[in-house]
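Protein chains get the first letters and strands the later ones, always in sequence-line order, with residue 1 at the start of each.
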2 protein chains.
Amino acid sequence: MHTHARIMTMVMNMQTHYDFEQCQQLIDERLDLPFFRAVVDPVRSNLILFLASNGEMTIGEIAEQFPQNRSVISRHLDLLYRFDVVLRRKVGREVYYKANSKVVATKFAEAATNMEALLSLSE
Amino acid sequence: MHTHARIMTMVMNMQTHYDFEQCQQLIDERLDLPFFRAVVDPVRSNLILFLASNGEMTIGEIAEQFPQNRSVISRHLDLLYRFDVVLRRKVGREVYYKANSKVVATKFAEAATNMEALLSLSE
DNA sequence: AACATATGTGCATGTGTGTGCATGATTGCA
DNA sequence: TGCAATCATGCACACACATGCACATATGTT
């Protein structure tokens with residue numbers, strides 16, 4: 001085994017014992033909980049995919065396709081907007097929403113990478 | 001551009017308009033919402049990292065390090081166990097828990113891949 | 001058997017949030 | 001200006017769930 005590879009393995013398996021506070025901070029830095037709590041929801045995840053596949057639509061058009069009330073859809077979309085998950089623009093009295101797929105995909109990819117790194121502490 | 005590459009691009013960008021029901025089913029198949037709703041929680045995500053870094057511990061030992069009551073920690077761990085996020089074994093009257101890091105990392109990686117594929121419907 | 005320790009569980013409480021209705025605000029149109 | 005359409009928001013209600021206490025259960029010890 002090469003020296004370089006051995007060192008890399010040591011670094012990767014460096015076993016650290018984090019206490020509660022350290023875990024708190026690491027999770028906070030590497031896992032965007034508010035984002036995931038917004039996305040990992042039956043209605044909102046459905047909305048994201050729906051917008052990603054159907055393109056830009058108004059709140060009214062979207063709400064027609066969902067069992068929830070229009071005001072409920074409006075609030076869900078507003079929440080997703082605050083997390084940059086969807087984009088919106090106002091045209092007259094209508095508000096058009098569309099998925100911000102890149103952000104969602106990136107967030108999931110980042111989380112996967114970070115969790116992989118965080119949990120691979122061996123032991 | 002090669003014919004093969006052109007076809008791949010077409011497939012990847014094939015634009016499909018899913019209705020509510022189809023989105024519901026696709027999300028259900030490709031995003032394990034119950035799993036993420038279990039993991040994406042301030043206390044439970046902390047527990048996972050804590051166990052991943054500190055190795056196997058009893059409920060009492062774990063609870064000493066957390067602000068929550070021991071019974072609360074017990075219930076959180078039991079929930080994580082039901083999603084295969086942690087492993088446990090009973091030794092005498094003590095219950096030892098440890099992180100099932102592989103499952104967590106795999107789930108996040110799968111979700112990232114699936115979301116990337118689901119949301120890359122162009123448009 | 002009697003007691004101590006570790007954990008599970010029933011219960012009450014508080015908090016967050018999803019939901020729909022009613023209403024207000026904004027914009028377009030006649 | 002008056003009216004209709006679209007959306008935002010205040011409000012009440014329901015429900016899920018996190019929490020801690022008290023107690024039950026299981027196991028070890030004397």
Side-chain angles (χ1 to χ4, degrees), chain A residues 20 23-24 27-28 31-51 54-83 85-98, chain B residues 20 23-24 27-28 31-51 54-83 85-98:
Chain A
F20 171 79
C23 289
Q24 188 91 340
I27 287 290
D28 186 62
L31 186 62
D32 193 339
L33 286 180
F35 168 84
F36 279 100
R37 291 177 69 81
V39 170
V40 177
D41 171 272
V43 177
R44 291 189 289 269
S45 55
N46 199 326
L47 276 170
I48 296 169
L49 176 55
F50 186 79
L51 286 175
N54 290 275
E56 203 176 43
M57 296 174 68
T58 69
I59 296 179
E61 292 170 344
I62 299 166
E64 281 180 4
Q65 308 292 326
F66 281 71
Q68 284 80 8
N69 189 280
R70 188 181 48 69
S71 71
V72 172
I73 298 299
S74 173
R75 271 186 275 243
H76 278 303
L77 289 172
D78 182 63
L79 178 62
L80 292 176
Y81 173 75
R82 281 183 267 135
F83 285 99
V85 172
V86 295
L87 305 173
R88 74 179 171 199
R89 64 191 179 96
K90 186 166 184 176
V91 178
R93 50 192 168 187
E94 297 178 332
V95 177
Y96 287 86
Y97 276 95
K98 67 176 176 183
Chain B
F20 170 80
C23 289
Q24 187 91 342
I27 288 289
D28 184 63
L31 186 63
D32 193 339
L33 285 181
F35 168 84
F36 280 99
R37 292 177 70 79
V39 171
V40 178
D41 171 271
V43 178
R44 291 189 289 269
S45 56
N46 199 327
L47 277 170
I48 297 169
L49 176 55
F50 185 80
L51 285 175
N54 290 275
E56 204 175 43
M57 296 174 69
T58 69
I59 295 180
E61 293 171 343
I62 300 167
E64 281 180 4
Q65 308 291 326
F66 282 72
Q68 285 79 9
N69 188 280
R70 187 185 47 70
S71 71
V72 171
I73 298 299
S74 172
R75 269 186 275 243
H76 278 302
L77 289 171
D78 182 64
L79 178 62
L80 292 176
Y81 173 74
R82 282 183 266 132
F83 285 100
V85 172
V86 295
L87 305 173
R88 75 178 170 200
R89 64 191 177 97
K90 185 164 182 176
V91 178
R93 49 192 170 188
E94 297 179 331
V95 177
Y96 287 84
Y97 276 95
K98 66 176 175 181

Whole angstrom value for the distance that separates [atom2] of [N] from [atom1] of [X]:
X     : N      : atom1 : atom2 : result
A:R37 : D:dC17 : CZ    : P     : 11 Å
B:Y96 : C:dT5  : OH    : P     : 16 Å
B:I73 : C:dG8  : CD1   : C1'   : 15 Å
A:D41 : D:dA16 : CG    : P     : 14 Å
B:L80 : D:dC17 : CG    : P     : 14 Å
B:M57 : C:dA6  : CE    : C1'   : 15 Å
B:R89 : C:dA6  : CZ    : C1'   : 15 Å

Contacting residues from residues 58-70 of chain B, given that a heavy atom lies under 4.0 angstrom of DNA chain D: B:Q68, B:N69
C:dT7 OP1/OP2 closer than 4.0 Å to side-chain N/O of B:S74: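 Result: no.
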Phosphate OP1/OP2 of D:dT19: any B:H76 side-chain N/O under 4.0 Å: yes
Touch class at under 4.0 angstrom, heavy-atom based, for B:V72 against every strand present: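 Base contact - B:V72 has a heavy atom under 4.0 Å of at least one base atom.
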Check: [X] side chain, [N] base, donor-acceptor under 3.5 Å:
X     : N      : value
A:S71 : D:dC7  : no
B:R88 : C:dG8  : no
A:R93 : C:dT26 : no
A:R44 : C:dG18 : no

Could you tabulate the donor-acceptor pairs under 3.5 Å formed by side-chain atoms of residues 60-69 of chain A, not counting sequence neighbours?
from: A:E61; atom 1: OE1; to: A:T58; atom 2: N; distance (Å): 3.1
from: A:N69; atom 1: OD1; to: A:S71; atom 2: N; distance (Å): 2.9
from: A:N69; atom 1: OD1; to: A:S71; atom 2: OG; distance (Å): 3.1

Reported CG-to-CG distance for the pair A:L47 and A:D41, which is rounded to 0.5 angstrom: 8.5 Å
Which atom of [X] lies closest to which atom of [Y], heavy atoms considered:
X     : Y     : answer
A:R44 : A:R37 : NH2-O, 3.5 Å
B:L77 : B:V86 : O-CG2, 3.8 Å
B:A38 : B:L80 : O-CD2, 4.1 Å
B:C23 : A:N46 : CB-OD1, 2.9 Å

Residues, nucleotides or ligands: over 12 heavy atoms within 6.0 Å of B:Y81 OH: no
Residue closer to the 5' end of DNA chain C, A:K90 versus A:R75 (nearest nucleotide): A:R75
Given DNA chain D, 5'-ward residue of the pair A:E94 and A:D78, judged by closest heavy atom: A:E94
